[in-house]
Amino acid sequence: MAAICDKRKFVAVENEEILPNAKRVKADIDQNQETAEGDFEPESVLCGFQTREVLKHSAREKNIFIHGQIDGQDAVVILETNPIQENSLGELFSGSTLKLEMKNDIYSTYQLQAPPHLNEIKTTLVWPATKKHVNKFKHQESFLVEETKEDYSTITLPYILLKRGLNVQWVYNILEKKEEVDRIVYEDPDPNLGFVLLPDMKWDQKNVDTLYLIAIVHQRDLKSLRDLTSEHIPLLLNIFNKGQVAILDRYKLPANKLRVYLHYQPSYYHLHVHFTKLDYDPPGCSVERAHLLANVIQNLHNDPEYYKTWTMYFPLRESDELLGKFKKAGRL
Ligand code: DD3
């Protein structure tokens, strides 16, 4: 094991290839905590990964979510096979070796051994990870929650205020240009109407068929849909219009090919808008969680307090702390 790691490190240095297709997400909790970061080169951080449990795996989606430890600290690793790129077909055919599996009449199957750069696995690392991160990726049953205006103020809001500061550091890093600077697709720097548009971590940025971008607002006091009033229509229209133009410019996808929406509940309480390709079903785009931005704008137009006053419905998973709060309040 160590030998392979050492060799890989050596090869990587020799070829001056520094960053593999791996992403580091520092756990948002304990921002000041010294991690073992300095002891690991990015290309060998997974060498000492000790698997604890497979959280979820899907042959169909070709991914696996693993809970383990690195250097004694909890970690989550997500491995996902990349889709085959049309523009790599030439190289794939000319540069690969075929291993025959079976042949019968005019039919034959093979395992194709592709050149290493066409054989990469998208890898996402959360380390050090909290229990919450581990739970997030565990396969779990969902329950539909009904949240009245009163439930929001007595259950959800106190929960958000307690937890919020902890897990949006990565968002501030993006807004302050401390991380992911080179990934920004578009920015409107206006403190009130402005936002940063960039690829979501889930998207490999290669395949436009699975396009997934997020617009993160510069304003820091907007937690979710529940905070929006008609006052924010200019902000929402600005994101809608400029986001669509930026995506047309960069990816040649027109507005009628895009699904533009907000989540409620969101996975992080700093207002953001999702832009995904219409002919692609990413996680979280179903009716119980996604609210089309176009509809949000109209609802606010018709009723300035729509999202502050109406009952909202959303799914929560078994181990979600917020679900526990609803149960405790006798609301489930
Ligand atoms: C997250 C929701 C959050 C685990 C995981 C992801 N897009 C992000 C850090 C940087 C990012 C995202 C939380 C975290 Cl795997 C816990 O997502 C991110 N950068 N969605 C981008 N561009």
Side-chain angles (χ1 to χ4, degrees), residues 19 21-31 35 37 42 45-46 49 55-58 61 63-68 70 73-80 121-140 160 163-187 195-206 210-218 223-224 239 243 246-247 250-251 261-276 282-285 289-290 317 319-322:
L19 277 172
N21 192 15
K23 295 180 177 104
R24 274 290 307 280
V25 184
K26 288 176 213 152
D28 313 303
I29 265 171
D30 295 338
Q31 287 148 33
T35 66
E37 207 174 337
V45 69
L46 288 182
F49 186 83
L55 300 169
K56 186 164 64 173
H57 65 133
S58 163
E61 288 169 25
N63 59 21
I64 185 162
F65 297 70
I66 312 144
H67 170 211
I70 299 171
Q73 289 178 305
D74 281 312
V76 174
V77 169
I78 307 166
L79 302 175
E80 186 167 5
I121 296 173
K122 178 172 158 70
T123 304
T124 305
L125 171 64
V126 184
W127 177 62
T130 62
K131 282 212 171 55
K132 219 174 156 187
H133 290 111
V134 175
N135 277 334
K136 179 183 159 96
F137 299 109
K138 229 178 220 166
H139 179 74
Q140 276 175 20
I160 298 171
K163 297 285 164 185
R164 181 161 108 102
L166 298 176
N167 58 12
V168 289
Q169 186 56 46
W170 66 270
V171 171
Y172 298 157
N173 290 345
I174 291 171
L175 296 175
E176 292 166 15
K177 313 291 154 55
K178 290 179 180 161
E179 301 283 3
E180 305 193 48
V181 184
D182 53 338
R183 290 161 49 86
I184 295 176
V185 169
Y186 176 81
E187 179 179 14
F195 63 97
V196 169
L197 179 74
L198 83 171
D200 187 274
M201 185 159 64
K202 286 187 280 297
W203 186 36
D204 63 17
Q205 290 189 75
K206 290 178 198 153
T210 55
L211 177 131
Y212 198 142
L213 292 106
I214 43 176
I216 301 176
V217 303
H218 272 300
K223 297 179 289 301
S224 77
I239 295 172
I247 290 174
R250 173 74 69 100
Y251 304 105
Y261 56 102
L262 291 87
H263 278 155
Y264 194 76
Q265 297 285 334
S267 50
Y268 44 100
Y269 292 93
H270 177 109
L271 194 76
H272 59 281
V273 176
H274 303 256
F275 290 76
T276 60
C285 78
R289 186 142 185 240
R317 282 140 36 99
S319 76
D320 203 303
E321 267 181 86
L322 185 56

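Residues take their numbers from the sequence shown, with the count starting at 1. We count ligands from 1, going down the list as the structure has it; atoms in each ligand are counted the same way.
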Number the atoms of ligand 1 from 1 as they appear, then name those within less than 4.0 Å of a heavy atom of [X], with their elements.
X: Y268; value: 2 (C)
X: F137; value: 4 (C), 15 (Cl)
X: R183; value: 22 (N)
X: H133; value: 16 (C)

Legend entry - Rounded distance (nearest 0.5 Å) linking atom CD1 of I216 with atom OH of Y172: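 OH of Y172 is found 11.0 Å from CD1 of I216.
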Inset, instruction - Please round to the nearest 0.5 Å and tell me the distance separating atom CG of D200 and atom OG1 of T276. - result: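 It is 10.0 Å, given to the nearest 0.5 Å.
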Legend entry - Member of W203, F275, Y212 meeting the ring pair (Phe, Tyr, Trp, His ring centres under 6.0 Å) criterion with Y251: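 Among the candidates, only W203 passes.
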Which is closest to [atom] by heavy-atom distance: [options]?
atom: atom 20 (N) of ligand 1; options: L125, D200, L213, N173; result: D200
atom: atom 7 (N) of ligand 1; options: M201, K202, Q205; result: M201
atom: atom 9 (C) of ligand 1; options: W170, F65, Y212; result: W170

Inset, instruction - Determine the minimum heavy-atom distance between A246 and Y186, stating which atoms define it. - result: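 What the structure gives for the nearest pair is CB-CB, 3.6 Å.
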Legend entry - Nearest heavy-atom neighbours spanning Q140 and N135: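 Looking at all heavy atoms of both residues, the closest pair is NE2-O, 3.7 Å.
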Using a 4.0 Å heavy-atom cut-off, which part of [X] comes near ligand 1: side chain, backbone, both, or neither?
X: W203; value: neither
X: I214; value: side chain
X: E179; value: neither

Below the 3.5 angstrom mark, is there an N/O of [X], backbone or side chain, next to an N/O of ligand 1?
X: E180; answer: yes
X: K136; answer: no
X: L198; answer: no

Legend entry - Pair H272 and H274, ring centroids less than 6.0 Å apart: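 Yes; H274 has its ring centre under 6.0 Å from that of H272.
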Legend entry - Non-neighbouring partners of H218 that pass ring pair (Phe, Tyr, Trp, His ring centres under 6.0 Å), sequence neighbours left out: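 So H218 forms no ring pair (Phe, Tyr, Trp, His ring centres under 6.0 Å) with any residue.
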Legend entry - side chain to side chain contact (heavy atoms under 4.5 Å, CB included) between H139 and S58, worked out: CA-CA 11 Å; H139 179 74; S58 163; over 6 Å; no
Legend entry - For R250, side-chain contact (heavy atoms from CB on, under 4.5 Å) partners two or more places apart: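 In terms of side-chain contact (heavy atoms from CB on, under 4.5 Å), with neighbours along the sequence ignored, R250 is linked to V185.
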